[in-house]
Q: 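Below is one structure. I have some questions about it.
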2 protein chains.
Amino acid sequence: MVTLAEVARHAGVSASTVSYVLSGKRPISGPTRQRVRASIEQLGYQPHAGARALASSRSRIIALMVPLRTDMYVPVMLEIAVAVATTARAHGYDVLLLTGEEGPSALRRVTGSGLAEAVILMDVQLDDERLPVLRAAGPPAVLVGLPGDPAGLDCVDLDFAAAGALCVEHLAALGHREIAVIGESPGVYARHTGFAERTLRGLRERAGRLGLRLLHRPCEGGHDAVAGVLARIFDERPGVSAFVVQNETAVEPLLALLRRTGRAVPEDVSVVAVCAGQVAAQASVALSSVAIPAQELGRRAVERLVAGLARQDGDARPDAGRGPGVELLAPTLTVRDSSGPPPPPSGVRN
Amino acid sequence: MVTLAEVARHAGVSASTVSYVLSGKRPISGPTRQRVRASIEQLGYQPHAGARALASSRSRIIALMVPLRTDMYVPVMLEIAVAVATTARAHGYDVLLLTGEEGPSALRRVTGSGLAEAVILMDVQLDDERLPVLRAAGPPAVLVGLPGDPAGLDCVDLDFAAAGALCVEHLAALGHREIAVIGESPGVYARHTGFAERTLRGLRERAGRLGLRLLHRPCEGGHDAVAGVLARIFDERPGVSAFVVQNETAVEPLLALLRRTGRAVPEDVSVVAVCAGQVAAQASVALSSVAIPAQELGRRAVERLVAGLARQDGDARPDAGRGPGVELLAPTLTVRDSSGPPPPPSGVRN
DNA sequence: CTGAAAGCGCTAACAT
DNA sequence: ATGTTAGCGCTTTCAG
């Protein structure tokens, strides 16, 4: 293995000079820098990560904790993870993959051992058990998602409430007066995953303001579960002319069932989804939808973390990352083929 | 930060004793071990990862390279990644997440810097550009997937050829004589991703042996693409009574289109899939399918890697991991609701 | 602008 | 069974 000392000897300089060429932490004359660079190149030198971490107390590693349970928003999770890794690299960091399984102790472990100098948490619950660890003099952290009490924490998420409102608004503008919401599976609500409840709040609030009727039903994924829920909805509210879906695995079953029961989309009923953009675009009827901005979420999480770490170093630049706090990304609704005006009142159908 | 030296002082022993209590690399008397353990506990000591890596030249980190492009088998990819992380932890390793983006250089980087001591590569292409790095005195590595020439490499994958054969066999046993294959998107074949071609080979070979007609068509995901392919298939081969699908995003569109064109599944046509188990189970008609054993793949990859690393250490145990080479997991076909006997010859329908 | 040298915290001979 | 000690490779004072 090539060491810094060998590079130094080869270049005819001291070890510290090589180090400073690498870090740029002090001015090095042009010629020396050239020679050192050449030696590094020739010898194929690569700094030893462990030695660096030991001497500098900075591992340049960010831990990313993904949920163990992969039952929800799976493509989105992967996309966020990949965006985190990519963005982290762009800032000189590597990413350590942790699963939710180990829970809070994993955070203590990677953080206490100096393995990771910061963490990003995905799939945050309203009263997440990992949060106490973070508040108690924890490491720099950014949550993707919003806990019940985000005080003192750094969070990035889609503004799901606004997303819900946006869906209602879109449907209201088309003339719909009665909407049904096919929600996440009951388990998601039971776990108090914030985004589901926030979406619902946004839906309800805007529906209330615009005077629409709104019916919400949690729903498991899969064809049979959706069939049951759908039947109950039409039973309770025959006047429903539009659906908002927030469960990727319910999307296709819903479309299939509507088709089978002779309801054309969007002629007879409209459907709007809050889900991964790809899912919406590739559905058997391209769905008008609010996409989860997975890449953006991953990217922002890293950027905020890196800004925070720089701040620690005394990089008092006022620009990067607008400081800690909650950052909610504004939702965008993409209109595709699944939403249109409601059918004319029954009996008047042409 | 609590150091090993402090623990040693607190316990009234030398630093090496503490180290050995931790590593178990030499016998320590019961009493001393107790005292050291107690001190560790009380002081909340955590070994410094960097210092350890430096002194021992073992980082206890495995790099996992996932494809950047997330267009295929996405849930499976995440499931593998999570299984890798979980299994690695069970063996005392952590996992570094790399994206395909950086390519071969990422391998050199994490490996040359001692950051990771071994790597797992996912989504391996037939002539993967990362392989030369591995063969050339590279780090211990396991591929999830099969390259064109696996010589000298350690690989784990589903036996896709056997999976294809299994599908044909199942359909043949039901009485089908003419089968169509909805393949992966053309891009996948163009990239020479091995599994798609191996599946096809298995399908063809078994179909040939059993005297079935087989028609293969690559297919993009999404409703429109599937519609086009399906139309062409029925045009060319009106006698087709069964489909094998190997593209998760084509599954629901296919089912929807069959339904719409008045073909009942499985009464009129059978459908068998090679895809994630969850997708098959949750489809609008529960699909008979060969599942991709994601967890098993991730688990085996780590186990083989760890076995290899132990072998390096001189752990000449004959058991663990059956040595390097190619390990193909046997496929399992789960019969669900989408496959049955073909309809009686036309004109005889009841 | 550059060098010398003292650690960073841990492991693993080498002792006893 | 335990202690002593010499590094592992790098960063960062302290000195010029």
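Every chain is numbered from 1 and lettered A, B, ... according to where its sequence line falls, protein lines coming before strand lines. What you are looking at is a predicted structure, and each value in this text was computed from that prediction instead of being measured.
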Q: Do B:V84 and B:M122 have side chains that get closer than 4.5 Å, going by heavy atoms?
A: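 In short, these two side chains do not touch, never coming nearer than 4.5 Å.
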
Q: With a 4.5 Å cut-off on side-chain heavy atoms, are B:L121 and B:L107 touching?
A: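 The answer is yes; the side chains approach within 4.5 Å.
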
Q: Looking at CZ of B:R89 and CG of B:D94, how far apart are the two atoms once the value is rounded to the nearest 0.5 Å?
A: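 CG of B:D94 is found 5.0 Å from CZ of B:R89.
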
Q: Find out whether A:Y93 and A:L309 are in side-chain contact, i.e. whether some heavy atom of one side chain is under 4.5 Å from a heavy atom of the other.
A: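 Yes, side chains in contact.
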
Q: Mind checking if A:V18 touches a base, just sugar-phosphate, or nothing, with heavy atoms under 4.0 Å?
A: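 No contact.
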
Q: Can you confirm whether A:L115 sits close enough to A:S59 that some side-chain heavy atom of one is under 4.5 Å from a side-chain heavy atom of the other?
A: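 A:L115 vs A:S59: side chains apart.
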
Q: Select base, sugar-phosphate, or nothing to describe what A:S19 touches, counting heavy atoms under 4.0 Å on all strands.
A: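 If one applies the 4.0 Å heavy-atom cut-off, A:S19 turns out to touch a base.
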
Q: Going 5' to 3' on DNA chain D, which nucleotide is the first and which the last to come under 4.0 Å of a heavy atom in chain A?
A: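 It runs D:dG9 to D:dC14.
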
Q: Find the distance between CG (B:L158) and CG (B:L146) and round it off to the nearest 0.5 Å.
A: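 So the gap between those two atoms works out to 11.0 Å.
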
Q: Let's see if you get this right: which residues in residues 28-39 of chain A place a heavy atom under 4.0 Å from DNA chain C?
A: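 A:I28, A:S29, A:T32 - these, ordered by number, are the residues of the stretch whose heavy atoms sit under 4.0 Å from the strand.
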
Q: Does the A:S19 side chain pair with the main chain of A:A15, one donor and one acceptor, at a distance under 3.5 Å?
A: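 Not at all, since once roles are kept as given, no pair shorter than 3.5 Å links the two residues.
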
Q: On DNA chain C, reading 5' to 3', which nucleotide is the first and which the last to sit with an atom under 4.0 Å from a heavy atom of chain A, could you check?
A: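 Contact span on the strand: C:dC1 to C:dG9.
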
Q: Would you give the length of the straight line joining atom CZ of B:R9 to atom OG1 of B:T3, rounded to the nearest 0.5 angstrom?
A: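 If I round to the nearest 0.5 Å, the distance is 7.0 Å.
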
Q: Below 4.0 angstrom, N of the basic side chain to O of the carboxylate: do B:R300 and B:E296 qualify?
A: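 No.
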
Q: Where each residue is assigned the nucleotide of DNA chain D containing its nearest heavy atom, which of B:S16 and A:A55 is assigned the position nearer the 5′ end?
A: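 Closer to the 5' end of DNA chain D: B:S16.
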
Q: Please determine whether the number of non-hydrogen atoms from other residues, nucleotides or ligands lying under 6.0 Å from atom CD of B:Q295 exceeds 12.
A: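 No, because the 6.0 Å sphere around CD of B:Q295 holds 12 heavy atoms or fewer from other groups.
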
Q: On DNA chain D, compare the nucleotides closest to B:L54 and B:S14; which residue's is nearer the 5' end?
A: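 First, find each residue's nearest nucleotide; the 5'-ward one identifies B:S14.
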
